[in-house]
Amino acid sequence: MKLDELFALLRRRGFLWPSSEIYGGAQGLYDYGPLGVALKRRLEDAWSAWFLGLSDDYYPIQPSELLPEPVVRASGHLENFTDPEALCGHCHHAFRAETVLEKVRPEGVDGLAPSAIAELIAQHHVLCPSCGQAALTVPAPFHLMFGVDFGVTGRERAYLAPETAQGSYLAFARMWDVGRKTLPLGLAVIGRAYRNEIAPRQVLFRMRAFTQAELQIFFDPASFPVPFADVRDERLPLLWAARRAEGATDIEWTSVTDLVAGGLPEFYVYHLAQLFRFLRDALGYPAERIRLFEKSESERAFYNRIQFDAEVRLDSLGGFREVGAVHYRGDYDLGRHSKGSGRDLTVTLTDGRRVLPHVLEITFGVDRNLWALADLHLAVEGERTVFRLPPYLAPIALGVLPLLKKDHGPYARSLLDRLRRAGIAAAYDSSASIGRRYARMDEAGVPFCVTVDGESVDPAGPTRDTVTLRERDSRAQERVAIAEIPARLADRLRPPRPVTAPAEIA
RNA sequence: GCGGGCAUAGUGUAGUCUGGUUAUCACAUAGGCUUGCCAAGCCUAUAACCCGGGUUCAAAUCCCGGUGCCCGCACCA
């Protein structure tokens, strides 16, 4: 489906729409409606079930979304947007103003206002290094982070977190004390992050406020044991940086054991495989639409030693898009915050060694994956539109429909209540024809419907208290006793957990 | 930010060039009749000219400015 078409459908059904819509919309901001909220929550629950299920030493936390200025100074985020840029109005290339002006002003341009820099460029007739035209302009400084006044004096600054990871680094010391004082220690955050993107575009893929699910694993660089047997038979769809440099774009399915033999650390490959499995097995992305894109040294941030982005091929966005990643960040983060806070963040292990833990980060874009779920599972099949979400992700699990509103409505109402009490996210619909209602349920991704008919309410008959249970994907119907419904659906409404290898028996 | 294109009910559209009655049609939505398990039919209802200014007796229509979206480029620690 094309982007416009998919977005229109999601908006019409109340999954999501542009924020401040009645004012024409706010760029890069989106609101979720009832179905969107429910889908997002189930996606987050599925993520938690999977990644917290990897180890008893991985814990959820919920850090603040507001970071005091010293924190973002230490993390490096503050310095990274202070470089004024010079843009060429002719060829549209962008350059660091400092680079362009290094000959006429060797002391640098730090602290100069954009207007002052523009004046320097004009005075010295600086030409565009790329096309040679005198068309350089200096736009107002671009702030990646949203800064806010903090405290009553207004002199202190705080920033909306540009990534949730920082909260985990800040919480590490506390969680070390709270926990079992062993490594590895994983901290999982599902939270909002904020970036003042230059050009928000492509709906949920470039937002100014978005939700990330991230797992930061702190580990001893000398030893990070993982249950590698759990993934030993897995093959991963890789796109190597070196092969890309040669112009190749084809995916190479490679076994995880070969990856380890090729030099990647076992702990890295294990978690990369788990991310791949989550996308394929829990979110139901077709394996052939997933690829693991290795970032070359120049493409990744300097502190990332190994980075593969998990990408999914989406028709609505015309190609592969990043939906998650695994970063080996070394000791960069704790090192920066150790220096910035003045607090020693090294820990003493049981063998007496003091180490500054390294970080493995598994990051996952919640909104992006919500979009990917819609792109990959929402299908127009002739007259029919079906949202084939895995049942445990469906916003509504069960539709309760009276075949005839008058005759079966009251019974269906009380059935609805009973099923809700059993913990099933059920919805009632009595309007229009039964076929139309099934169609609406299909479009909203409801995996199951029960229909109350004359047989259900027949006081004497043997079919009393039975209903037809309809499955979205097959449209098959079956007559079942009401009492059996919760048990029948329970397994299919629970998100999957990572598969573990059977214990080896000596 | 730059270049190009687009903007009419919830969705898709007619009307715009060539200004002129109450803005077209379909689907969707709500209620009713009918119907007894897959978007059937009939009746009724709700609902739109992106915003601001200008020209004109009169603007959805012409002009200017703005905003938003789409595509490409740039940007995306």
Side-chain angles (χ1 to χ4, degrees), chain A residues 2-14 17-28 33 72 75-83 85-96 130 135 137-140 142-145 162-163 165-166 195-203 205-208 299-304 316-318 322 327 329 332 336 381-386 399 401-408 429-443 449-457 467-472 474-479:
Chain A
K2 298 302 293 176
L3 185 140
D4 284 350
E5 201 185 339
L6 186 55
F7 186 59
L9 182 58
L10 293 173
R11 186 174 47 185
R12 178 162 58 79
R13 293 306 307 246
W17 55 83
S19 291
S20 303
E21 197 177 17
I22 61 171
Y23 283 86
Q27 273 195 61
V72 293
S75 70
H77 288 92
L78 199 54
E79 72 189 35
N80 279 316
F81 63 72
T82 53
D83 291 340
E85 296 225 308
L87 291 175
C88 177
H90 183 254
C91 68
H92 310 309
H93 277 84
F95 311 91
R96 293 180 59 198
S130 175
T137 59
V138 183
F142 174 69
H143 289 249
L144 171 74
M145 288 190 293
E163 58 177 17
Q166 295 305 320
R195 297 181 192 181
N196 194 10
E197 293 285 357
I198 302 174
R201 254 182 207 191
Q202 304 197 311
V203 284
F205 273 71
R206 288 283 289 283
M207 299 204 292
R208 288 191 166 130
E299 288 167 331
R300 59 183 193 251
F302 68 91
Y303 47 75
N304 278 333
S316 63
L317 296 172
E322 184 198 344
H327 303 141
R329 301 173 63 115
Y332 175 77
R336 295 284 297 210
E381 300 169 356
E383 285 292 282
R384 189 171 176 235
T385 303
V386 202
L401 317 173
L403 189 58
L404 291 180
K405 187 177 180 179
K406 260 190 210 142
D407 299 339
H408 315 128
D429 190 357
S430 66
S431 72
S433 70
I434 189 71
R436 184 178 297 257
R437 282 177 272 162
Y438 284 144
R440 278 198 285 250
M441 293 291 175
D442 287 343
E443 196 178 78
C449 285
V450 292
T451 301
V452 175
D453 58 18
E455 296 180 44
S456 316
V457 301
V467 290
T468 55
L469 174 65
R470 173 201 187 254
E471 211 167 300
R472 177 195 63 203
S474 62
R475 295 206 271 185
Q477 283 182 284
E478 189 188 347
R479 187 138 212 118

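Every chain is numbered from 1, with letters handed out A, B, ... down the list of sequences.
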C57(B) versus A45(B) - spacing of their C1' atoms, nearest Å: 37 Å
Protein proximity profile, nucleotides 29-42 of chain B - base contact B, sugar-phosphate-only contact S, no contact -, cut-off 4.0 Å on heavy atoms: SSSSS-BBBBBS--
Distance, rounded to the nearest Å, where His77(A) contributes NE2 and C76(B) contributes P: 14 Å
Whole-angstrom distance between A28(B) and C69(B), as gauged at atom P: 30 Å
Sequence-distant partners of Glu478(A), side chain to side chain contact (heavy atoms under 4.5 Å, CB included), two or more places apart: Val480(A), Arg488(A)
Within-4.5 Å side-chain heavy-atom neighbours: Asp442(A) and Thr385(A): no
Counterpart residues, salt bridge (Lys or Arg N to Asp or Glu O under 4.0 Å), relative to Glu5(A) (two or more places apart): none
Partners meeting side chain to side chain contact (heavy atoms under 4.5 Å, CB included) with Thr451(A) (sequence neighbours left out): Leu401(A), Leu403(A), Ile434(A), Tyr438(A), Thr468(A)
Contacts of type side-chain hydrogen bond (donor to acceptor under 3.5 Å, both in side chains), residue Glu299(A), not counting sequence neighbours: Arg244(A), Ser296(A)
Between C51(B) and G32(B) - P atom distance, rounded Å: 35 Å
With sequence neighbours excluded, residues passing side-chain hydrogen bond (donor to acceptor under 3.5 Å, both in side chains) with Arg436(A): none
Rounded distance in Å between the P positions of G10(B) and A47(B): 10 Å
Dot-bracket notation for RNA chain B, counting Watson-Crick and G-U pairs under 3.5 Å, with | for partners on another strand: (((((((..(((.......[....))).(((((.......)))))....(((((..]....))))))))))))....
Separation between the P atoms of A23(B) and G41(B), rounded to whole Å: 27 Å
All salt bridge (Lys or Arg N to Asp or Glu O under 4.0 Å) counterparts of Asp453(A), not counting sequence neighbours: Arg479(A)
Rounded distance in Å between the P positions of C62(B) and C73(B): 32 Å
Contact pattern, 5' to 3', of nucleotides 8-14 of chain B - B, S or - by protein heavy atom under 4.0 Å: --SS---
Residues in side-chain hydrogen bond (donor to acceptor under 3.5 Å, both in side chains) contact with Asn304(A), at least two apart in sequence or another chain: Gln307(A)
Inter-nucleotide C1' distance (A14(B), G72(B)), Å rounded: 31 Å
For Ser433(A), side-chain hydrogen bond (donor to acceptor under 3.5 Å, both in side chains) partners two or more places apart: none
Gap in Å between the two C1' atoms, one belonging to A60(B) and one to G4(B), rounded: 24 Å
All salt bridge (Lys or Arg N to Asp or Glu O under 4.0 Å) counterparts of Arg13(A), not counting sequence neighbours: Glu443(A)
Integer-rounded Å distance: G1(B) C1' and Arg206(A) CZ: 13 Å
His77(A) and Glu163(A), any side-chain heavy atoms less than 4.5 Å apart: yes
